[in-house]
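Here is the structure we will look at, set down as structure tokens.
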There are 2 protein chains.
Amino acid sequence: MTSADPTPLSEPTSKTRLRLWLKLLKATRLVEADLRENLRTEFGTTLPRFDVMAALSQYADGLKMSELSGLLRVSNGNVTGIVERLVEDGFALREAVPGDRRASRVRLTRKGAEEFARQASEHEHWVDELLGALGPEEATGMTEQLDRILREGAQ
Amino acid sequence: MTSADPTPLSEPTSKTRLRLWLKLLKATRLVEADLRENLRTEFGTTLPRFDVMAALSQYADGLKMSELSGLLRVSNGNVTGIVERLVEDGFALREAVPGDRRASRVRLTRKGAEEFARQASEHEHWVDELLGALGPEEATGMTEQLDRILREGAQ
DNA sequence: CTTATTTATTTCAAGCTTAAAGGTTTAGGC
DNA sequence: GCCTAAACCTTTAAGCTTGAAATAAATAAG
């Protein structure tokens with residue numbers, strides 16, 4: 001059950017890439033599960049909420065709902081519910097966009113920004129530990145390779 | 001919105017690892033979204049269902065529910081619903097475990113195995129294209145690095 | 001044998017996620 | 001101005017996901 005798959009000496013490239021994909025998924029899920037658990041027990045929040053607050057924290061003037069869902073690459077209706085709950089909890093607020101009554105702009109409240117700052121600090125520390133197996137050069141190298149995948153996929 | 005973040009020449013290691021994590025997440029989600037879309041339009045199925053069938057396909061004698069959730073690293077109650085729908089559709093069946101009336105063993109039906117074979121073949125092809133930016137050596141190298149993360153995290 | 005604990009699984013409530021459909025509002029052609 | 005199309009967003013239905021509680025059966029302890 002816990003045995004590592006041996007790497008065949010020679011095989012079709014598609015198998016090699018498939019193996020990479022499965023490992024990528026496994027590692028991502030491991031890290032995600034850990035972060036989720038920590039966010040829950042330490043801050044009583046969820047990963048999606050953290051992601052939304054992280055995006056908002058980079059835009060002091062706020063973001064339109066469509067910009068938010070575009071940045072996070074999630075569906076349009078998805079952020080509606082998450083923002084709804086953040087607003088309920090006083091971490092975010094919605095402002096009217098002058099000249100466009102369809103759109104609304106979401107931004108963090110002071111309380112939300114302060115809460116996110118605390119969370120982000122711990123989050124960075126958790127990630128640092130979870131990816132501690134890789135040194136800075138390795139991490140940078142892998143980041144560049146992932147960028148190549150992203151550039152190819154987002155044509 | 002689509003601008004790539006520049007990599008500072010020098011920074012704390014935790015920032016480098018954080019950047020890697022964000023990129024890892026982004027790339028994984030890109031690939032996942034594409035696979036999900038393809039599974040939906042080509043086969044009318046979902047990623048979680050595919051994952052469960054993939055696990056079952058490796059065990060001709062079937063798996064207990066707890067073994068299944070352990071392999072997929074998802075919660076216990078989660079697989080209950082997914083297997084339920086697979087059984088409804090005639091892709092999987094549940095058998096009693098002799099000597100233990102609590103447990104049940106799930107395995108693919110012939111129909112399920114044949115359907116999965118078709119899906120898996122396409123799936124491998126999609127992955128091959130999505131990760132086409134990396135050559136075999138690079139893919140193997142990244143797989144090994146991800147393994148190091150997994151070994152460290154699963155102590 | 002009886003009780004307690006552990007194991008295997010399901011149920012539940014809450015929240016996340018998507019695609020599709022619907023409701024407004026804005027912008028563009030004519 | 002008027003009509004169509006596009007943009008912005010929410011709602012809905014279905015399914016996924018989790019953690020916690022509940023159920024039931026097997027095992028252990030006394």
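Hydrogens, waters and symmetry mates play no part in the numbers below; they use all other heavy atoms, side chains included. A note on names: the letters A, B, ... follow the listed sequences, proteins ahead of strands, and every chain is numbered from 1. All figures in this text were calculated on a predicted structure; none of them were measured in a lab.
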(request) Find the distance B:Glu32:CD to D:dT17:C1' and express it as a whole number of Å. (result) 13 Å

(request) Calculate the interatomic distance between A:Arg94 atom CZ and D:dC8 atom P; express it in whole Å. (result) 15 Å

(request) Between C:dT17, C:dT18, D:dC9, spot the one nearest the side chain of A:Met65, thanks. (result) D:dC9

(message) Show the nearest heavy-atom pair for residues A:Trp21 and B:Val127, with the distance to one decimal.
(response) CB-CG1, 3.6 Å

(message) Less than 4.0 angstrom from a charged side-chain N to a carboxylate O is my criterion; do B:Lys26 and B:Glu32 meet it?
(response) no

Can you give me the N/O atom pairs linking the protein to nucleotides 2-7 of chain D at distances under 3.5 Å, or say none if there are none?
from	atom 1	to	atom 2	distance (Å)
D:dA7	N3	A:Arg102	NH1	2.9

(message) For the backbone of A:Arg118 and the side chain of A:Ser121, can you confirm whether one donor and one acceptor N or O come within less than 3.5 Å of each other?
(response) no

(request) Inspect the contact between B:Asp61 and B:Arg107 and indicate whether a charged nitrogen and a carboxylate oxygen are less than 4.0 angstrom apart. (result) no

(request) Would you mind telling me which residue lines up with the more 5' stretch of DNA chain D, A:Arg29 or A:Asn76, judged by nearest nucleotide? (result) A:Asn76

(message) Looking at A:Arg101, I'd like to know whether one of its side-chain N or O atoms comes within less than 4.0 Å of OP1 or OP2 on C:dT26.
(response) yes

(message) Treating B:Asp89 as the side-chain partner and B:Phe91 as the backbone partner, does any N or O pair qualify as donor plus acceptor under 3.5 Å?
(response) no

(message) Which is more 5' along DNA chain D, the nucleotide nearest B:Gly81 or the one nearest A:Arg40? Just name the residue.
(response) B:Gly81

(message) In whole Å, I'd like the distance from the CZ atom of A:Phe50 to the C1' atom of D:dT18.
(response) 19 Å

(message) Can you give me the closest heavy-atom contact between B:Gly90 and B:Lys111, atom names plus distance?
(response) O-CD, 3.8 Å

(message) Taking only side-chain N and O atoms of B:Ser75, does any of them lie within less than 4.0 angstrom of OP1 or OP2 on D:dG19?
(response) no

(request) Can you tell me the distance, in whole Å, between the CG atom of B:Asp34 and the P atom of C:dT18? (result) 14 Å

(request) Would you classify B:Arg49 as touching base, sugar-phosphate or nothing, given that sugar-phosphate means primed atoms plus P, OP1 and OP2, and contacts are heavy atoms under 4.0 Å? (result) sugar-phosphate

(request) Could you tell me whether the phosphate oxygens of C:dT9, OP1 or OP2, come under 4.0 Å of any side-chain nitrogen or oxygen in B:Ser66? (result) yes

(message) Whole angstroms only, please: what is the CD-C1' distance between B:Glu84 and D:dG15?
(response) 12 Å

(message) Categorize A:Glu37 for me: base, sugar-phosphate, or nothing, with a 4.0 angstrom heavy-atom threshold over every strand shown.
(response) sugar-phosphate

(message) Considering every strand and a 4.0 Å limit on heavy-atom distances, what is the contact class for B:Ile82: base, sugar-phosphate, or nothing?
(response) sugar-phosphate

(message) Is A:Arg105 close enough to D:dC9 that one of its side-chain N or O atoms is under 4.0 Å from OP1 or OP2 there?
(response) no

(message) Is the distance from the ring center of A:Phe116 to that of A:Phe50 below 6.0 Å?
(response) yes

(request) Report the distance from atom CZ of A:Arg36 to atom C1' of C:dG15, rounded to the nearest whole Å. (result) 11 Å

(request) Could you tell me the separation between the CG atom of B:Asn78 and the P atom of C:dA13, rounded to a whole number of Å? (result) 18 Å

(message) Looking at every non-hydrogen atom in both residues, tell me the closest pair between B:Ser69 and B:Ser75 and how far apart they are.
(response) CB-O, 3.8 Å

(request) Report yes if at least one side-chain N or O of B:Thr80 is closer than 4.0 Å to OP1 or OP2 of C:dT10; otherwise report no. (result) yes

(request) Could you state the atom-to-atom distance from CG of B:Leu47 to P of C:dA19 in whole Å? (result) 12 Å

